[in-house]
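Since the structure comes first, as structure tokens, the remarks are kept for the end.
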Amino acid sequence: MSTHITAAYALAVLGFAVGVALAARLATVDDADTDRGKFAYLLAIPGFAGLMYIVMALDVGVLTVGSETIVLPRYVDWLVTTPLLVGYVGYVAGAPRRWIAGVMAADAGMIAAGAVATVTTGPTKWAFFAISGGFHLSLFYVLYRVLPTYARNFSKRRGLFKLLQNHIGLLWVAYPLVWLVGAPGLGYVSAAGITLIIIYLDVVAKVPYIYFVWNRRYCFDRDAAES
Ligand code: RET
């Protein structure tokens, strides 16, 4: 692995460390608020990503399956942390458990099918890409059509909900496009280029997300008092 890529992984680990520090403060701050925002749970997002990034920086877990290559820790990271990112948005919206579980399951399906698409070839690859894309669309449907009907009931939390909804809405469409132009798809962009783009996207998808919650941490309290 080139030193540039190793350096980018190391920088990302630093970024996730900032996310962990922020999430840790969020989890320990303001006595009674802690339960209402379920803040402790957010620690796992930059925490687990940081761990997988250390593994990637060490160049461990790059597997070759037939003619295809997969960076396994990347998919393990996504499989664990992206359902948490999207599930927490459901929690902020005040959605019932079945929708939170449903959107988390769709997300996990998207990542698992994407991993299969990455290591297969020919029609199988494109079938799994389509399955992953289908899960992606269903996730966006829940995010933009279902969750807002619940978020509407909260005056203060709604602001944080919209922020996280659009943060995901803007960033997450980039992933299938990057996959498409990279080696697992059409191969227009070099593996090193794709790796750098994904590192950047992953940090931006996770660390500012924690910051947004930190910034609006009191919204849970006020709405709880109102209802
Ligand atoms: C894949 C492959 C094929 C199709 C689709 C994909 C979507 C991936 C997404 C990943 C999001 C990752 C995030 C990481 C944060 O750190 C698996 C690339 C639809 C949406 C947000």
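First listed ligand is number 1; within each ligand, the first listed atom is number 1.
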(request) May I ask you to check whether over 12 heavy atoms, not counting those of W214, lie within 6.0 Å of atom CH2? (result) yes
(request) Report, in ascending order of atom number, the atoms of ligand 1 lying under 4.0 Å from any heavy atom of W78. (result) 12 (C), 14 (C)
(message) I'd like to know if the side chain of R158 and the backbone of A151 have a donor-acceptor N/O pair within less than 3.5 Å.
(response) no
(request) Can you sort out which atoms of ligand 1 are near F129, meaning under 4.0 Å from one of its heavy atoms? (result) 3 (C), 4 (C)
(message) What protein heavy atom lies closest to atom 9 (C) of ligand 1? Include the residue and the distance to one decimal.
(response) Y175 CB, 3.4 Å
(message) Under a 4.0 angstrom heavy-atom cut-off, which atoms of ligand 1 come close to H136?
(response) 19 (C), 20 (C)
(request) Please check if V181 and V173 belong to a single hydrophobic cluster, counting links between Ile, Leu, Val, Met, Phe, Trp and Tyr side chain heavy atoms closer than 4.5 Å. (result) yes
(request) Supply the atom-to-atom distance Y175 OH to H136 NE2, rounded to the nearest 0.5 angstrom. (result) 10.0 Å
(message) I'd like to know if T82 contacts ligand 1, where contact means a heavy-atom distance under 4.0 Å to any ligand atom.
(response) yes
(message) Regarding atom 21 (C) of ligand 1: of the candidates F48, W172, Y209, which has the closest heavy atom?
(response) W172
(message) For atom 16 (O) of ligand 1, what's the nearest protein heavy-atom neighbour? Residue, atom name and distance, please.
(response) K206 NZ, 2.5 Å
(request) Report the nearest protein non-hydrogen atom to atom 17 (C) of ligand 1: residue, atom name, distance rounded to 0.1 Å. (result) G114 CA, 3.9 Å
(message) Taking L85's backbone N and O only, do any of them form a donor-acceptor pair with Y209's side chain (distance below 3.5 Å, no angle check)?
(response) yes
(request) Check each atom of ligand 1 against the heavy atoms of D202 and keep those under 4.0 Å away; list them by number with element. (result) 14 (C), 15 (C), 16 (O)
(request) Return the residue, atom name and 0.1 Å-rounded distance of the protein heavy atom closest to atom 4 (C) of ligand 1. (result) S132 OG, 3.1 Å
(request) Indicate whether any N or O donor in one side chain lies under 3.5 Å from an N or O acceptor in the other, for Y9 and T195. (result) no
(message) Side chains of D202 and W78: any donor to acceptor distance under 3.5 Å?
(response) yes
(message) Quick check on contacts: which atoms of ligand 1 are under 4.0 angstrom from a heavy atom of M110?
(response) 9 (C), 20 (C)
(message) Please check this pair: side chain of S132 against backbone of F128, looking for a donor-acceptor N/O pair closer than 3.5 Å.
(response) no
